[in-house]
There are 2 protein chains.
Amino acid sequence: MDQLLNSVKISINHKIYLKDPESSGLGKKIVSHSILMIDEIGFEAFTFKKLGAKIGSNESSIYRYFENKHKLLVYLTSWYWGWVEYKLVFATNSISNPWEKLEKAIEIVTKTIEEDSTFNHINEVVLGRIVIKESSKSYLTKEVDGENKSGYFEIYKRMVNRLSTMIAAVDSNYSYPTSLASTIMEANLHQHFLKDHFPTLTNCSENKQPSAFLLNMVKKTLNND
Amino acid sequence: MDQLLNSVKISINHKIYLKDPESSGLGKKIVSHSILMIDEIGFEAFTFKKLGAKIGSNESSIYRYFENKHKLLVYLTSWYWGWVEYKLVFATNSISNPWEKLEKAIEIVTKTIEEDSTFNHINEVVLGRIVIKESSKSYLTKEVDGENKSGYFEIYKRMVNRLSTMIAAVDSNYSYPTSLASTIMEANLHQHFLKDHFPTLTNCSENKQPSAFLLNMVKKTLNND
DNA sequence: CAAAAATAATAGTTTTACTATCATAGTATA
DNA sequence: TATACTATGATAGTAAAACTATTATTTTTG
């Protein structure tokens, strides 16, 4: 992204991990290879035992970083949204025109992910695929309320609220800025998924990205076209 | 719903089950109690063994109806969308004005579920909660493409396409009728979920339903207000 | 009433998702 | 340089999940 950002670290709630995976080589290996493995075999089939075998490490060592694979998924999605948030703040901070700001924000949130060499143990493109396919499993659980109280989803919530504030700045009379913000976030992932697996349920495709659909929808909804 | 419909049966792809659960008392018990149990303990903790214990039946007997709990979930969500589709067709069939028709359709798809005595072994209110919290797990899998080819999701797809057709009838110049239709379906579930678990991520609440948010969004997007 | 079909009971397998204990290698510090 | 601390690895073990297989019993129905 920028050389200036070489020292940036995405900061994640300590309750999500037992030991900070950024603090050691093994920790980074756990993160980088879990991303590749979840993408390859899916979250359901993914286990710490398989991951251990792949990175030449021990199952029990992985358990010293994350309590279970659910928390690892929460960690990965939090990292992803922290990374997107960083790009969003960086790109929109200097824009004063509310419409321009919102447009830029939507572009950042919805555009196809490109690799970012700032964080070299994380493949953002593959992580983006995991977020599309697996991230909703991190909150569609029986434990969601407790985990939400513990702050597991704070980065995601902050992202939605940033978008919501930008929407309200554009149209202060609109009654549903937060719902529209959460819909942009979720619909973007959903349209990406549909384009890859249910092409008859979307008008999006490789040359007609979800980004354009959502920007159009937001512009119309907020009376600007 | 109506006495006329007493003989109606929601028809579901035979590949989803091994033996039609509508064909026996045990089958109906499996369906009705699995709905209650998944709602109660969540899909992850739900097992055929626990269900067997609850209905005083044997684990192995349940396996003669459904290969595994994943297929049972596909069955339940298909049934739900088949039921919604039925109500949708029934309610919109006689409406000739395109806008009126679309509005009615959105109302049916998004409104809070009420119990329907037509199908007395299924509690539609509880099933609705399962669809909100668990249904995306039925397609966010590694097997989705194969299962889609086998027709596991045909009812859901038909629903989205009915909505899409109605959207196109209202505004034939709009470029994203199918994406808007799938977004209505998904955003409705998502907003319902947020209102119950992440109130800071939505403007919806008990007296401000997702239905109103979505209808407003669709009207604006299709230039009608 | 007999045959067929459905269900129940029992047992067994493999894998998952852990927990516990002990060994060892590397690093820091006195 | 000894030692102590920490991280990781190796091994073992458990309970439950997710099945499969076989046999017994009950229920249905022709």
Side-chain angles (χ1 to χ4, degrees), chain A residues 14-34 37-38 40-76 121 134 137-138 140-143 146-147, chain B residues 14-34 37-38 40-76 121 134 137-138 140-143 146-147:
Chain A
H14 290 14
K15 288 182 189 159
I16 296 172
Y17 49 76
L18 295 170
K19 183 179 171 177
D20 185 359
E22 297 277 341
S23 71
S24 73
L26 178 60
K28 284 177 185 165
K29 247 178 153 181
I30 290 170
V31 169
S32 63
H33 284 83
S34 68
M37 202 168 192
I38 291 170
E40 205 182 312
I41 65 174
F43 186 66
E44 276 69 37
F46 169 83
T47 68
F48 282 179
K49 194 169 191 178
K50 289 176 190 167
L51 178 62
K54 190 163 186 177
I55 64 179
S57 180
N58 201 275
E59 193 188 3
S60 60
S61 304
I62 301 169
Y63 273 105
R64 289 203 189 87
Y65 284 85
F66 294 99
E67 261 183 74
N68 50 49
K69 68 176 182 173
H70 169 253
K71 296 226 175 163
L72 172 58
L73 182 63
V74 174
Y75 179 89
L76 294 177
H121 67 293
E134 318 286 3
K137 296 169 192 167
S138 70
L140 294 173
T141 66
K142 268 285 151 185
E143 296 76 29
E147 295 188 347
Chain B
H14 289 15
K15 289 181 189 160
I16 296 172
Y17 50 75
L18 295 169
K19 183 178 169 175
D20 185 359
E22 297 277 341
S23 70
S24 74
L26 178 60
K28 283 178 186 166
K29 250 178 153 182
I30 290 170
V31 169
S32 62
H33 284 83
S34 68
M37 202 168 193
I38 292 170
E40 205 182 311
I41 65 174
F43 185 66
E44 276 69 38
F46 169 82
T47 69
F48 281 179
K49 196 169 191 177
K50 289 176 190 169
L51 178 63
K54 190 163 188 177
I55 64 178
S57 180
N58 201 276
E59 192 187 5
S60 61
S61 304
I62 300 169
Y63 273 105
R64 289 208 190 81
Y65 285 84
F66 295 99
E67 261 183 73
N68 49 50
K69 69 176 182 174
H70 169 251
K71 296 226 176 164
L72 172 58
L73 181 63
V74 174
Y75 179 89
L76 294 177
H121 67 294
E134 317 286 3
K137 296 170 192 167
S138 71
L140 294 174
T141 66
K142 267 287 150 185
E143 296 77 28
E147 295 187 347

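Each chain gets a letter, A, B and so on, in the order its sequence line appears, and its residues count up from 1. The structure presented is a predicted model; accordingly, all values stated were derived computationally and were not measured.
- Look at CD1 on Ile62(A): it is 9 Å from P on dG9(D), rounded to the nearest Å.
- Shown for residues 47-58 of chain A: residues whose heavy atoms fall under 4.0 angstrom of DNA chain C, namely Thr47(A), Lys50(A).
- You can see that DNA chain C meets the heavy atoms of chain B within a 4.0 Å-exclusive cut from dA6(C) to dT10(C), reading 5' to 3'.
- Look at Glu40(B) and Lys50(B) and you find no salt bridge, because none of the NZ, NE, NH1 or NH2 atoms lies under 4.0 Å from a carboxylate O.
- Within the structure, every pair that satisfies the salt bridge (charged side-chain N to carboxylate O under 4.0 Å, His left out) test and touches residues 56-71 of chain B, not counting sequence neighbours, is listed here: Glu67(B)-Lys71(B).
- For the pair Lys137(B) (side chain) and Leu140(A) (backbone), a donor-acceptor distance under 3.5 Å is present.
- Taken residue by residue, residues 63-72 of chain A places heavy atoms nearer than 4.0 Å to DNA chain D at Arg64(A), Tyr65(A).
- Counting heavy atoms from C-beta outward, Leu72(A) and Ser34(A) have side chains that approach closer than 4.5 Å.
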Under 3.5 Å, which N/O atoms of the protein pair with N/O atoms of nucleotides 28-30 of chain D?
none

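- Remark: Lys19(A), Ser24(A), Leu26(A) in residues 17-27 of chain A come within less than 4.0 Å of DNA chain D through at least one heavy atom.
- Residues His70(B) and Glu44(A) form no side-chain contact, since every pair of their non-hydrogen atoms from C-beta on lies 4.5 Å or further apart.
- Side-chain contact check for Lys15(A) versus Glu147(A): every heavy-atom pair is 4.5 Å or farther apart.
- Looking at Tyr65(A) and Ser24(A), their side chains come closer than 4.5 Å, going by heavy atoms from C-beta outward.
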